[in-house]
Amino acid sequence: MTRAPAQSQAENSALPAAEIGGETRIVVANQWQLIWWKFRKHRLAMAAGVFTILLYAVAVFAEFFAPYSAGAYSAAHTFIPPQSIQLLQRTENGWRFYPHVYGFKVQVDPESYKRTYVLDEAITYPVGLFVRGESYKLWGLFATDRHLVGAAQFGDPVYLLGTDRLGRDVLSRTIYGTRVSMSVGLVGVGLSLLLGIILGGISGFYGGMIDNLIQRSIEILRSLPTIPLWMGLSAAIPLTWPPVRVYFAITVLLSLIGWTALAREVRGRFLSLKTEDFVIAARLDGVRELPIILRHMAPSMTSHIIASVTLAIPGMILAETALSFLGIGLRPPVVSWGVLLQEAQNVRSIATAPWLLFPGLAVVSSVLALNFLGDGLRDAADPYQT
Amino acid sequence: MQPIHTRLDDNDAQDDEVLLDVKDVKTHFFTDEGVVKAVDGVNLSLKRGQTLCVVGESGCGKSVTARSILRIVPPPGEIVSGAINFRQRDGGTIDLATLNPKGREIRRIRGGEISMIFQEPMSSLSPVHTIGSQIIEAIQLHLPVSKGEARKQAVSMLDLVGIPRPGEQLDAYSFELSGGMRQRAMIAIALACEPQLLIADEPTTALDVTTQANILDLIRDLQQASGMSVLFITHDLGVVAEIADEVVVMYLGRDVESGDVDSIFHDPKHPYTRALLQSIPRYDSRQSRKLYSIKGTVPHPFDRPSGCPFHPRCDDFIAGTCNTIDPARQLISPGHSVRCLLYADANAGEQVPVNSAGTQDMDMSN
Amino acid sequence: MIWYIARRILYLIPTLLVVSVIAFAVIQLPPGDFLASLISKAEETVDQAQVDALRERYGLDEPIYVQYWKWISGIVLRGDFGDSFEWNRPVSDLIWERLGLTMAISLFTLAFVWIVAIPIGIYSAVKKYTIGDYLVTVIGFIGLAAPNFLLALVLMYIAFRYFGQSVGGLFSPEFIEADWSLERVLDLLSHLWLPVVILGTAGTAALIRVMRANLLDELSKLYVDAARARGLSELKLLFKYPVRVALNPLVSAMAWIFPALVSGSAITSIVLNLQTTGPLLYRSLQAQDMYLAGSLILLVSVLTIIGTLVSDILLAWIDPRIQLQ
């Protein structure tokens, strides 16, 4: 335990010169600085943090990142395999820089007469960055037609991750799905946190009967198999509801069952802080309950709660994905990763178009990143512990 | 008093009476941030039947020294040099520092010839095993006895260390005992195979004062009865005065002064020893004065001061000398050695600045 | 110990009450009463007398608490779960075998999780910061991040694409409707590994992390040093003390892993087309066959709660500290 950033931190570049004339000067850093220093050492968590920020950026600017809109389809281009980007092209004079994708042609299976598209290296379509495409209004405000990547010539069929059975671009839809899936996680955890802080706080602060009651209910909720319960409850959401209302109903359902972990965390922190000397000292000084909670206890809990929240988001994302995958969560036309994975519900459709599993990769990588980030945050949350 | 300027004679290891002789042992920890020299050249020697106290502030390498002897230094710590000569029961001498820390030989010595008790009796007993199972385990590891016989011996061990109703308490778990009883149980486990040497690593620090005294009495009684030697690690000079025959004062992983208890208390040489002695509160001080405290704190092992490691905190610091020259061990009088540049050259006798306060009425041993 | 068990069983009563209320709520949630959907679904015109009899049986004209009482007392006293309208049979005819298979899969998975996770967790803690440890950690994280159904899809695709096999189901076709026999059990076991691996991945990953963290905590405890100082060999020491203590939280982890397994088996079973409660629940919800759905949720929850209770008792049995609290 090093309570203050003492001499040992002297080699840390972020510290102003700690050694002056051989004497050790005590440098004061606040709690958040200490957390940041500790977090920064955790390389994997740092990388995961950057990735998470990118994911949310994609979610916010989905219209810009996606080459097509979420609903755009082309009946002629169904089940087109992913066209990977080629940076160089061979010409008579050697290689030249020419970012492009190959076109595709129809192949008919001689036995089943099934028509499939295969890539055709004879045809190339140039691709580029910041290309003009469909026009859109970012957040309904700024009209533009620029997209991050896409066909350099508007109208060329470029599908970097292929298309589904209706000829919709898998990449674009996955990007739009980011918006819904990542925000379900955030909103759901936000609601859970509200419930968790209120109930966990009450439980931890007052103790006794109330604590017992709340703890018992948490135990009951935790011993239930959540997915069958979610299935039962979400099946009751009327089919006639508009998508936005379904979205919120599902989020509320997820957080109604998901708040227990956060409540436990809050309660545990509360209980251990309650007996800390500085809290007892504040109480002996006659500080009232609410200021004790807000001024003295809350700051030292915040870092832990941020870490727990980060670790709770993946659970929400996974739950939403599972429900939507089964068709009892979010429903089309809403685009979430789970909704997209409905397209890959059986072996036959995956065998025809394995690229339909791509949204699954998005799920795994985002959950992975949030887990790593949360782990790093949890380690850093208590900077006084070595 | 004129210090005798001879290099320390290291031949006393041949002395029949010497049970343990630790010579210039260095135990370093190889961490990602760098090498921590927790023990950096420690010397101590312990005679049969005697009690040697190792004193020093927290972080000066006392515990690592103790663990080095038993070869239970946790990774990434390693003994990098030095010798730990131990006279075994069969008369042969073995250098513990050369043994494989996981090997059969050191395991035979652990618990059988050398036992150790730790600072916190609560955490040094398994939370899910009974006291009895841990004593029986120790007995069966080293003595060829049946389980029933081992159990009988365990009961008499518990009785010996003063645990009431030993037959019942044998099946108690550590959390069912009080702190003092737990430490007694630890002692029972440690002494179950009648070791020649008991290493006690601050065994009374976590206990309250009355219990401390009881445990010290117990250790002393058991020592008298069995004739074992005790290596006692503590930062409490009161305890040292009470039980020690010999004392080694450690600072930053080294022995800075060692000698018998009288010369350390009545004639301390090293400024650090003097400072330690001055910082004890005393009842008989007539004028009320501020309690002395050593300036500064123990430096972090990564930035070990040059020269004499104590120089930044030393009241007798000689600029240009103490911060450049690393002092060697010097014999001051028979059995009394010190590492300090104040005594390093021929004229040192005259140059010793007499730091008068506290060398007279230092009798703590009553 | 007996008092401890008695107290835990006493605690069970409010839990079961809450669960039954939730299950009843699920039955009541869809708009309109179920007779309306029954009548709309029936191919022939439904006889009015029959409708009235059903109304009487379920107490549909009476206040909600009377309906609840009729429903729950029917279950508890007579084992009457109501009728499935889609199947036109009593619910109790439909569920028992599927419930048994659900529990069988969950228990097999639990065993799989433990057998795989404990040795790997120990290895990872003892060899911390080695390549093996990092490998285990990374695989563990991926196992936690991959949803069950995605894993099921990928494995099915691999089996289909590279081995030309269509995996799924719990029985070979000839055994699906057969009576129980030794051959049928063996056939079941030969199909069980896939769902067990899929279901167990996340739990295994989680348990490895729990085991590793616990063991790392325990390895640095003083009692380990004390036992080492007694002369115990490293391997004996490892298993007798720190591993033993680190196993306790693992037993208590069963209390949340088991519900998670039952929960996960619902989706995995739908994807793999297993004859468990999952697909039945799914179909009944889509068909608004609410008595069947409600009963399934109730029974699956009750069995899960009993599983949790068993793990609590087990923990108290292996950890003497628990009973004291």
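First the proteins, then the strands, lettered A, B, ... as listed; each starts at 1. Please read all numbers here as calculations on a predicted model, not as lab measurements.
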What part of [X] gets within 4.5 angstrom of chain C, counting heavy atoms only: side chain, backbone, both, or neither?
X        : answer
B/Met122 : neither
B/Ile114 : backbone
B/Leu125 : backbone
B/Arg67  : side chain

Is B/Glu105 reaching over with its side chain to a backbone N or O of B/Asn100, donor-acceptor style, under 3.5 angstrom?
no

Does B/Glu194 reach the main-chain N or O of B/Ser226 with its side chain, forming a donor-acceptor pair under 3.5 Å?
no

Would you check if B/Val39 and B/Lys26 make a side-chain contact, meaning some heavy-atom pair closer than 4.5 Å?
no

Looking only at heavy atoms and a cut-off of under 4.5 Å, which of B/Met186, B/Arg107, B/Arg108 has the most pairs with chain C?
B/Arg107

Salt bridge check: are C/Arg244 and C/Glu218 linked by an N-O gap of less than 4.0 Å?
no

Taking B/Gln153 as the fixed residue, which of B/Ile135, B/Ile136, B/Val145 is the one that meets the side chain to side chain contact (heavy atoms under 4.5 Å, CB included) rule?
B/Val145

Cut-off 4.5 Å, heavy atoms of chain B, and the answer for C/Leu232 is both

Contact part of C/Ser233 toward chain B, heavy-atom cut-off under 4.5 Å: side chain, backbone, both or neither?
both

Does the separation of the ring centres of B/His129 and C/Tyr223 fall below 6.0 angstrom?
no

